[in-house]
Structures are given as C-alpha cells and as structure tokens.
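The structure under discussion appears below in the form of structure tokens.
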Amino acid sequence: MLDLKLVQKQPEILERNLKVRHSKLSIEDFQKLDGKRRALIAEVETLKSERNKASQEVALLKREGKDASARIAELGGLSDRIKALDAETEEARQAVTDWMMGVPNIPDASVPVGKDETENVEIRRWGTPPSFDFEPKPHWDLGTNLGGLDFERAVREAGSRFVITFGWAAKLERALINFFLDEHEKQGYIEVATPFIVNRATMTGTGQLPKFEEDLFRLREQDYYLIPTAEVTLTNLHAGEVLNEEDLPRGYTAATACFRSEAGAAGRDTRGLIRMHQFNKIEMVRFSHPDDSFNQLELMTGHARQLLEELELPYRQIVLCTGDMGFSSAKTYDLEVWLPAQKTYREISSCSNCVDFQARRANIRFKPKGGRTQFVHTLNGSGLPTGRTMAAIIENGQQKDGSIVLPKVLVPYMHGVECIEPAKGK
RNA sequence: GGAAAGGUGUCCGAGUCGGCCGAAGGAGCUCGCCUGCUAAGUGAGUAUACGGGCUUAAACCUGUAUCGAGGGUUCAAAUCCCUCCCUUUCCGCCA
C-alpha cells in the first residue's frame, strides 16, 4: 500500500503511476472518497469531544457528591448519534482503504516505461546456449522416457498441471533443494521452515489479497489459503514488529511447496514442468534499511545468478518494464534460463524490491538510533524453483542417446551420479 | 475436544467499588550534567494512527481513537457482559 499522505498531497505522482501501470483506478474517485471520509471524521469527533467533556463534568459532580442526573439526561441521544455516525465513518474509511489496496506500487525511476513484456530490457547475458548435432528434445519427453517424470498418473491422482517424480527425478529435486539452501546459507541467509497455509491477514500483508484472490487456492469453509510462494511467509515473519536498525539487512530463505491456481493461464505451458499448480521453490527474502534497498536488490539478484552459474545454465537478466511488473514491486529483475527445445529464454527467477509497500501493509518497521520508527524495505527473489530448474538441467544436459549429464556441483548431492542413463534393454 | 488461568506501551509489570488512566512502577532508549575512560550516579524526555489549525515542509498546537479482535451495557469501560482469536497448564484423543 502507498502512503496515504503521498496520494493526498501529490496526486500527480499517483496519476502517472496509475497510467504507466495500466490501472483503471481514477484519482478523482479517491478524492471523493477521501473527502467524504474526512468530513465524517470531523463531524463524529466533534460529537465525541462533546461527550467526553460532559462525562468529565458528570464525574466531577459525582465526586463532589452533587446530583448529576440533569446533566446525564441531556446526554441521552448523543451516544446514539455517535454510534450511527461511527458506522458511517467506518464505511467511508473502508472505502478509502479498499481503493488504496488496489493501487500498485510506484516503479522506481530506473524502471523502463513500457506496455508489456515485449518492452522489458535485457541487461546481462551469461553462458552460451549449448549446440547439439541433433534436434534437442523437450524436457517432458526426456524426463518421461527416462522414467523420472510421470504426468499421466499425476493427472489421474490430481489433474493437469501436476507431476509425479520417480527415482532419479525425485532425487534430483531433493538434491536441488539441499544445494540451493546450502548456497543461500553461505550467502548469509537464515534457513526457515514455514507453514504452507496462512490466514487472510498474512496474504494481505504481501499484496496477494484482496486483489488476486482468484490466483490462490483457498481451503474450504475457512479463511485459510495455500501459499503461492514463501515470499508470503518469510516477509510476514516480522509483521507488526519493530526491528532494531542493526538487524538490517537480514535475509531469510525457505524451501516450500507453492500452490497457484493459474487462473487466466489456460492453454499456456500446458506441457512439462514450467507451469504447475504445485511446485517447490526456494525463496530468498531480505529486510533492508530504506537507504540501502536498491543495493540489496543487486546483491540478492546476484545470489540467484550465482546458482545458475554454478549449475552451468545459460541465462540472461532483464529488468521488467512498468507494464510487466508485479503489483507490489518497485523494481524487478527477471532471470531467464535457456531452454534448448523451445530455443528461448524462460523466466526462472524474479527478484523484486517492494520498498515500503509490503512493509506498510504488514506493518514491519525498524527504529533508527535516535529517530522515529519507520517502515523497512522488503525484497524477495526466487532462489530457484526446482521444477523449472530441472527442466533446464534436463534440456541443457541432454545427449543424443537421451541421457542427461548433470551439472558437476550436483554430483555430490546425487551421491556420485553424473549422468542419468536410459534403462538398459528398454 | 473438556477444565483452569491469562493476553496492558520497545520490554517487564501495576491497575482498588466502572469516572482527572495514554495508562503507576521498573528496564531499555534519547538528550544533558557529572566522572581521567568505562561502570555507577543525576536531570529531562521517550507510543502510534487519523482529523483540524499553523506551515513550502517539519516542528508545534488541538481533537479523536487505540490496554488481543469484534460486539453489548452505560452519560462514561483497560476495568462489567457476550462472541471469537491466541498463549500457558492439566485431562482426554490422535500421531
């Protein structure tokens, strides 16, 4: 959520923001709602002030042993009027909050203005896409042929956009989780295990609710939601808390399952591991001093890049334009990994600086020495989803006979296995 | 699931028969004094949000709200009543 004062006092900034982010909200609506809210507050507070004064008089009279019944009688209708006005005020307040909750974060000045993903800007490339003397196969064919990925049984047990892994593939995923967590720990992150189910307040804190309810899985009959990313649980770790300045910056990492309804993605990436209802992801979250958060974004993105480099996976880094950024973000870098079968780079990590947008919603603050408490800045980044990483490893490591050479760093995690071979005589 | 006790400011912790309680006291923190330095001592200060005034803005002044959340009783609720959430302990049940 943005700062209310900013919206009130500098509507031109907001107007520009709504435009570059293609929001349909209008500033005039806000001004009407906010005007109404303020008028009601002024009115009801005047009445309350009256009531408080009168109550004190009554208290005084009683203490002096005098009769206060006349004064009390005068106040008969006041409380009822206050109650009615209070309800109206609350409604007006809620209307303003609802409006504010729908406003996306303001992009940083360094973010390119653009309409959609076609206007994102590539800023870095690493590695060379492997060349093959045969037609590279998609990971779903390779993985299925090697007996590791089973989409058919997953459909039977759950539905589309699920996968069941067997043997080497299940182990590979476990290896990746351990490898990623180990690396993040070396990079200074604190490893955390969090719930996969959270309440409404938590989902609201990071910005998934109220606007994006249809993207989430919700538990039946309860106000519980399955997390779409550990960003939710990690960022909310400090919800409502006041941190010490010397605690900043601080980083957390967690490996969790992630659940996404993928509403609106019908027909996209229907095959393979790219877009699942359930997947595992290792997430990084950082809490930063406001003055330092954009440095922290560079640092954290570097942490994600390091993983891809250690896995020897070619990638490029792009900065998302205003039209393609997420709701809560002020600046986002995406890392895209090379997928040989599609002959294209696909998103594998997204690192965002949300500045104070989530901190304001979740009320995460810090107290500078001698200064007023203020909101921290929050950042989050994928320290890689296992599914997409496995897809990249499988496709980039494939050989003509359908076997897959694994990245060297994973060999110890795979207990010495260097290559996934087709079963003999099959 | 049953029973009991609780949830107060950055933290700990008082709040009697509802009424000068935004809330005693302590710790911490900030600023000053003192001390050769540190420790100790000593004085003052130390919540947040929103409305209004003033202002370029801040500071400031003023009002309102906030003692787990929501509702009720009352002229008036941290204090009484109801519902819910959470914590602790005991019992039951299941891993």
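In the text below, chain A, chain B and the rest are named by the order of the sequence lines, each starting its count at 1.
- Searching all strands for a Watson-Crick or G-U wobble partner of B:rU87 with both distances below 3.5 Å returns B:rA5.
- For the pair A:Ser79 and B:rA76, the criterion of a side-chain N or O lying under 4.0 Å from OP1 or OP2 is met.
- Taking atom CG on A:Leu40 and atom P on B:rG51, their separation rounds to 13 Å, with Å as the unit.
- Phosphate contact (OP1/OP2 of B:rA76, side-chain N/O of A:Arg51, threshold under 4.0 Å): present.
- The closest side-chain heavy-atom distance from A:Glu312 to A:Lys408 is below 4.5 Å.
- Taking atom P in both B:rG25 and B:rU83, the straight-line distance is 37 Å, to the nearest Å.
- Dashed line: the shortest gap from a side-chain N or O of A:Arg38 to OP1 or OP2 of B:rC50 is not under 4.0 Å.
- When the P atom is used for both B:rG71 and B:rA76, the distance is 16 Å, rounded to whole Å.
- B:rC93 is unpaired under the Watson-Crick or G-U wobble criterion, no partner having all donor-acceptor distances under 3.5 Å.
- With respect to the salt-bridge test (charged N to carboxylate O, under 4.0 angstrom), the residues A:Arg275 and A:Glu262 qualify.
- Nucleotides B:rU62 and B:rC75, compared at atom C1', are 24 Å apart to the nearest Å.
- A sub-4.0 Å separation between OP1 or OP2 of B:rG19 and a side-chain N or O of A:Asn52 is absent.
- The residue A:Gln8 sits close only to the backbone: its heavy atoms come under 4.0 Å of sugar-phosphate atoms, none of a base.
- Considering only side-chain N and O atoms, A:Ser55 lies nowhere under 4.0 angstrom from the phosphate OP1 or OP2 of B:rG19.
- In summary, A:Arg38 and A:Asp34 engage in a salt bridge, as defined by a charged side-chain N under 4.0 Å from a carboxylate O.
- Salt-bridge check for A:Lys83 with A:Asp86: failed, with every basic side-chain N at 4.0 Å or more from each acidic carboxylate O.
- Distance CD (A:Glu50) to C1' (B:rA76): 15 Å, rounded to an integer number of Å.
- Searching all strands for a Watson-Crick or G-U wobble partner of B:rC80 with both distances below 3.5 Å returns B:rG72.
- Computed from coordinates, the A:Leu4 CG to B:rU48 C1' distance equals 15 Å when rounded to whole Å.
- Regarding A:Met1, its CE atom lies at a distance of 12 Å from the P atom of B:rA49, rounded to whole Å.
- In this structure, NZ of A:Lys9 is placed 7 Å from P of B:rA57, rounded to the nearest angstrom.
- With a cut-off of 3.5 Å on both Watson-Crick or G-U wobble distances, the partner of B:rU56 is given as none.
- The pairing partner recorded for B:rA47 is B:rU66, the criterion being a Watson-Crick or G-U wobble arrangement whose two distances lie under 3.5 angstrom.
- Pairing for B:rG32 is with B:rU42, a Watson-Crick or G-U wobble pair whose two hydrogen-bonding atom distances lie under 3.5 Å.
- Taking atom CG of residue A:Asn199 and atom C1' of nucleotide B:rC86, one finds them 12 Å apart after rounding to whole Å.
- Comparing the same atom, C1', in B:rG92 and in B:rA4 gives a spacing of 15 Å after rounding to whole Å.
- A:Arg305 and A:Glu298 are not joined by a salt bridge, as no carboxylate oxygen comes within less than 4.0 angstrom of a charged side-chain nitrogen.
- Rounded to whole Å, atom P of B:rU74 lies 14 Å from atom CD1 of A:Ile82.
- Ring pair A:Tyr189/A:His184 is perpendicular by interplanar angle, where above 60° counts as perpendicular and below 30° as parallel.
- Within the structure, a side-chain polar atom (N or O) of A:Lys5 is placed less than 4.0 Å from OP1 or OP2 of B:rC50.
- Separation of the C1' atoms belonging to B:rG36 and B:rG26 is 32 Å when rounded to the nearest angstrom.
- In this structure, NZ of A:Lys62 is placed 14 Å from P of B:rU74, rounded to the nearest angstrom.
- For A:Lys83, no side-chain nitrogen or oxygen approaches OP1 or OP2 of B:rC75 to under 4.0 Å.
- Of all nucleotides present, none satisfies the Watson-Crick or G-U wobble test against B:rC37 with each distance under 3.5 Å.
- A:Ser350 and A:Asp334 form a side-chain donor-acceptor contact under 3.5 Å, judged by distance and modelled atom types alone.
- Figure legend. B:rU10 is base-paired to B:rA27; pairs are counted as Watson-Crick or G-U wobble with both atom distances under 3.5 Å.
- Comparing the C1' positions of B:rA23 and B:rG9 gives an interatomic distance of 9 Å, to the nearest angstrom.
- Each of A:Ala42 and A:Lys48 was assigned the nucleotide of RNA chain B with the nearest heavy atom; the assignment lying further toward the 5' end belongs to A:Ala42.
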